[in-house]
Each structure stands twice: as C-alpha cells, then as structure tokens.
Engineer: 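Got a structure here, written out as structure tokens. Questions coming.
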Amino acid sequence: MHIREAIRIAFESLWAHKLRSFLTLLGIIISICTLVAVVSLVNGVNFYVATKIGRLGLNTFSLSRFSLHEYTDRQAYMAAVKRNPILHMADYEYLKTHAKLPVETAATIFSGFNATGTVKANGQSMDQVSLRGVTPSDISMSTFEVAQGRFLDHFDEEHRTMVAFIGPDLVTHLFPDVNPLGRHLIAGGHRFRIIGVATRQGNVFGNSLDQFILIPISTFRKLNGNQDSIGISFKVANSSLITPAIDEVRLLMRARHHLNYYAKDDFGIIGSSAVMDLWHRLTGSIAAVMVGVSAVFLVVGGIVIMNIMLAAVTERTREVGIRKALGARRRDMLWQFLIESAVLSSMGGLIGIGVAWLFTTVAGHLTPIPFQLPLSAVIVALVISTAVGLFFGIYPAAKAAKLEPIVALRAET
Amino acid sequence: MATPAATPHEFVIRTEDLWKVYAMGAEQVSALRGVNLNIRRNEYVAIMGPSGSGKSTLMNLIGCLDTPTRGQYWLNGQSVGELSDDELAYIRNKEIGFVFQTFNLLPRATAQHNVELPLIYAGVPSAERTERALEALRKVDLVDRRQHKPNELSGGQRQRVAIARALVNHPSLILADEPTGNLDSTTSKEIMGVFDRLWEQGNVIVLVTHEHDIAEYAHRVIHIRDGQIAEDRVTARAAVRT
Ligand SMILES: Nc1ncnc2c1ncn2[C@@H]1O[C@H](COP(=O)(O)OP(=O)(O)OP(=O)(O)O)[C@@H](O)[C@H]1O
Ligand SMILES: [Mg+2]
C-alpha cells in the first residue's frame, strides 16, 4: 500500500480547501469536544469530590436515624419517621464502648435550633451559618484541622460550656481585622466564646464548607431540649475494615432495637462509598446524556464527511482516471480516499481535543476543581474520530475504486 | 506489413477482429469494426484518419484503458481479455506509457511528482523514485523545471513532462493520442524530436495524429476509416532509417 502517498494527498487536499475542510469538520469537532470535555469535567469533579468528601469518606461511615434511601424518597421517609427510633447520646455511649472495630467514634447533632441561621458578632451579622453540636472526637473525622486556638475538649463536653469553634468564613465576615479568639458571637439567641478557628476547605458547587459553628454536643442538647436524633460517625484504621465495622455496628444496633431476623433496619448506615455511589450515579447519568449527544453529533459529522468525500471523488474523477491509467489498482484508490477521509475526520478529532483542552484549562482556572484531560480520553477520542472517518469514507472510496479508467479520464470536471 | 506466419511473440501488439460497440440508448455506435493489427518490436507507427473514425477508441484498447466488445488482443504475447482488473493495472503500469492530447498531469503536483506516479504504484522506494524521475526528466530536458507545477509550465513543457512520465517505468510500448494536438508547430517539432530519440533507444511507438508532417516522422502509417483499417503503408523515412 502507498500509505505515505495517500497521507500526503490527504493533507494536500485538506490544505487546498482549508475553509471547506474546517466547516465539514464542525460536527466531528463539536462531538469530540463535548466527549472529551465531559469526560474531563466529570473526572475533575469526581477527583475533587473524592478528595473533599472522601477524606471524611474513605475510612469513615456514619449511623443516623434514616438511611440514604429514606432521605431521598419521600414515601420511605414518611414511613421511617414512624418506625425508626431517635438516636440518643446513650446509643453513642453504648456503641463507643461496644463497637470494637472503629478506632474513633463521634456524635453530631445538627437539626433543631438555628441549623442554618444568622450569627451576630462584632457589630456584624452573617446568614446561612450552620450550627452543630459535636463531641470532641469529631475533629478526627473531619476534613479540617485547627488553624487557630483549640478544638472543643472533654472539659467543655462535661461542663456544657458556652464555647464555639468556628469556620474561617466567619472570621473573614465578622472579624475582618481582629483576632477572633476570646471574642463572643451570638447564635440562636445564645452567646458563645470563640476558642478556635478551622483551616479553610473551600467550596463544593458554590457552597462554602467553611461557614459553620461547632459547640459541645452537651451544650447543644441543653439549649435545645433532648428530642433531636443525633448522628454517630465512626472511623476505622484502614478501608478494609469498613465493611466489617459497618456489620458490627449494624448487629449491635439491631440487637439494641430488638429487631428479629427478618425485620428491616430501623436506622441508616451511610458509608462514604454510599455517598460516592450516589454521586457517581449522578455524574454517570450526566455523562451518559452528553455521550449520547456527542454520538448524535458524531453520526451527523460522519455523514457530512461522507458527503464531502463523495463530492471530492466526483471532483477528482479525472485524477482517479489518471492514476488508474498509470497503474493504480482498485485498492490503491480505495485506500487513498479512505485515508483521506480518516485524516480529515481525525483532524476534526484533534481540533475537538484542542478546544476541549482550552475549555477545561479555563474551567480549571475559574474553579478550584483540578480539571485535566485524561490521556485515555484523548486516545479514545482520536481512535473514535479516525474510525468515523474510515467508516463514512467506505462508500465514497469504493465509488472511486470502482471507476473504469477510461470513463474517469473522459469525465468533464 | 502483417506477416501471417509470425508467432504472436514476435509482435508487441496483435489484434484479431477487434470490435467496440457503444450503446447509445436504442442506437448502437460501432467505433471499431473488426480491426486486425500487428505491430512488431521497434516499430514507429502513426495512426491517421478522420475525426470520429475510431483512432482514440483503438488507442484506448491497445493501452488497456478500455475493453473491446468483441475480438482478441495480445500484448507481448499475452491475451489481455483474460486478465483481471489488478493485472490490467499492472500492465498499464509496467508495459505501457500513455501520452494524452490533454497531457493529463495532476495539477497540484510538481513535474517531478507527476513523473514519479507510475513508480509509486510500482512500489519503487522513494530514493530510487527520485533518481529515476530525474533521469526521465533529463531525457526530455526538463530537469531544471522539476519543482514546477503544470500551470507554471508551457504546453510543450507539460507534454514533455507527460512523456517523461510515460517513460519512467521503462515500458515496452509508448502510446500517444494526438500528442501535438494542443501544440504549435515549433513545439510539435520539439516533441517529435523527443519521440525520435525514444525510438532510437529501442521503444515501440504508436501515435495518433491528424497532421501529415507529424505522421511522416513514423515509419509506418495506418489509416483508419469508419472503424476499419483502410490503408497501411511504409513512409519515406522508413527506407532511410531501417
Ligand atoms: N464513450 C462513448 N460513448 C459513445 N460513443 C462513443 C464513445 N466514445 C467514442 N464514441 C464514438 O465512437 C466513434 C469513434 O470515436 P473516437 O474518439 O475513437 O474517434 P477519433 O478517431 O479519436 O476522433 P478524433 O480524431 O476526433 O479524436 C465516434 O463516433 C464517437 O462518437
Ligand atoms: Mg481521438
């Protein structure tokens, strides 16, 4: 085969009709661009979510009154409200002593008063701040660390002190130019002394992870009455222990709630894997839709390429005649036009990848999400675009190959 | 000139009752009506005849660009009718150098690349291709124009490029359908000079022409009328040359 000659001809004719080639390729360009951009966006966001949620995630899981399914399905939720008992601090204490596999156990409560409300301090006020009561062990489950001051401790827990550990957004808004340590803030009508500030975590989808106030869970329950269910989180030493630890907690809870063998759980255990699963299902369906869209574009782009290749064959019937008169066989002409079609459409693929790269680079600069083109996506995109060119080039190329030399030579073009 | 006793191998070209019939709707046009033609090695033949008499049709059949409706054709002793498409391509590539009235050069390719085309389809490696293309261009005195595209060359130069292309694969047969048809008389003489030299180097040449003075370069002139050979004579030059 005269592949080199065919590739040379392909580039020559692409170059001879630059604008036409570009317009022809728009379908392929858009399609490959969408494909690559979506893959890298989903990849980037997945990576981001995995590092943000995942740090809490990989080696932790939590027990709550409702399961993830009950939280997301209204009917299941209504049934569960009647059936699932409230989780109390006693459950926390029980699990803390009886569950052997978790290395750390923490309790959190965040429903109830001022769950997301207004905070006043230093003559300023701030909305949408979440207030949670937590045990001192909560710090080891979290994705932040102590930036300033200290975290809540057992003394605070025991004495129900009115102290608060705050997210860095509160410092920026309420104490722009003063040291917040030792100062007071008012949340839910109560006054708390600030004892520490967390390190910054940034945004997930425009929601700041840094707008929170943590107070001792004992203080929270004293101020709010005792009726709210708590959440209990567990940390294990390594990810292989998650499943056994979940089983252990589950058995302990079922025994504690006297559930028989066939009864469904009347509580929910949400591993980070469950959250990531939900997330992957979500991004997966977005990706599926976009892949579908780009497949449609790809077919449209392929048909446009077929059309332009048919035009090229007609336009160059004389050339085909000349080449055949000089000894080109059918398969030489077949390959020439097939390669031209494949080169044309892989150029479209390359341009599409370039545009997607631009797009993700810009997106990477505008958001904290580390977008990047996965090499595999680039290779797959190139292979797909070349394959489309080959496929849609078959008919025009076969048409060129079948031309009789004398008929082609006589063609008026 | 036909020598009935000769075996087919003595002839480069040998045809037997060659017919070409074109179906034009209900009507049938017989471009050739039983042509018997024998051409030996190292002959220099001119084909003449009125317009529409079937000269080009005959040349295309001889050049394996077209297939006869009826009749037999042997090229170098091989029956062409039995050959496959690929084998015909091989013969066009190796055995035949075709020169057209309208040059038929690739407009976007340089002179050198145009000359290299038959070598590409012969699978000759690139370095050897260049060498042989330059050698062929040298034979037509166009080495200095090798990087020119056809539209940067004069008509005579284009035809010389086309001749170089016909020569490059050392064919046994050079066919030219009105090679000087688009050229003025000075340039025509120049081109005929090239054919003369080629014949001297041992090529078989068959050319179609309308002009008597061009035909006189050949050693044998065949007249065609209504798709049949009407006259087959030796020219004055043949006596001098052979
Ligand atoms: N493809 C075709 N379809 C139908 N008829 C054809 C075709 N090619 C040639 N003919 C007819 O065959 C006859 C011979 O044509 P041909 O081209 O061989 O003539 P010619 O001798 O080369 O003429 P000229 O000197 O004008 O080139 C003409 O009557 C022509 O109309
Ligand atoms: Mg003619």
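Chain identifiers are assigned alphabetically (A, B, ...) following the order of the sequence lines, protein sequences preceding nucleic acid strands; residue numbering begins at 1 within each chain.
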Engineer: So for atom CZ, which belongs to B:Phe103, do other residues, nucleotides or ligands contribute more than 12 heavy atoms lying within a distance under 6.0 Å?
Structural biologist: yes
Engineer: How about A:Arg318 and B:Thr102: does a side-chain donor come under 3.5 Å of a side-chain acceptor?
Structural biologist: yes
Engineer: Is B:Asp85 in contact with chain A via its backbone, its side chain, both, or neither, using a 4.5 Å heavy-atom distance?
Structural biologist: side chain
Engineer: Select one option (side chain, backbone, both, neither) describing which atoms of B:Ile91 are under 4.5 Å from chain A's heavy atoms.
Structural biologist: neither
Engineer: Check each atom of A:Ala16 against the heavy atoms of chain B and say whether the ones under 4.5 Å are side chain, backbone, both or neither.
Structural biologist: side chain
Engineer: To the nearest 0.5 angstrom, please state how far the NZ atom of A:Lys324 sits from the OH atom of B:Tyr121.
Structural biologist: 10.5 Å
Engineer: A quick test of your reading: do over 12 heavy atoms of other residues, nucleotides or ligands sit less than 6.0 Å from OH of B:Tyr22?
Structural biologist: yes
Engineer: What are the two closest heavy atoms between B:Arg92 and A:Ala328, and how far apart are they?
Structural biologist: NH2-O, 4.4 Å
Engineer: Heavy atoms only, distances under 4.5 angstrom: which of B:Asp66, B:Leu65, B:Asn60 has the most pairs with chain A? Name it, please.
Structural biologist: B:Leu65
Engineer: Grab the two heavy atoms, one from B:Leu105 and one from A:Ile322, that are nearest each other, plus how far apart they are.
Structural biologist: O-CD1, 4.0 Å
Engineer: So which part of A:Glu404 gets closer than 4.5 Å to some heavy atom of chain B, the side chain, the backbone, both or neither?
Structural biologist: neither
Engineer: So, do A:Glu12 and B:Leu106 sit near enough that their side-chain heavy atoms are less than 4.5 Å apart?
Structural biologist: no
Engineer: For B:Glu27, I'd like to know if atom CD has over 12 heavy atoms of other residues, nucleotides or ligands within 6.0 Å.
Structural biologist: no
Engineer: If you define the side chain from C-beta out and look only at heavy atoms, does anything of A:Glu5 sit under 4.5 Å from B:Glu116?
Structural biologist: no
Engineer: Using side-chain hydrogen bond (donor to acceptor under 3.5 Å, both in side chains) as the criterion, list what pairs up with B:Asn93, not counting sequence neighbours.
Structural biologist: B:Asn169
Engineer: Does any heavy atom of chain B fall under 4.5 Å from the side chain of A:Leu409, the backbone, both, or neither of them?
Structural biologist: side chain
Engineer: Can you tell me if A:Trp357 has over 12 outside heavy atoms packed within less than 6.0 Å of its CH2?
Structural biologist: no
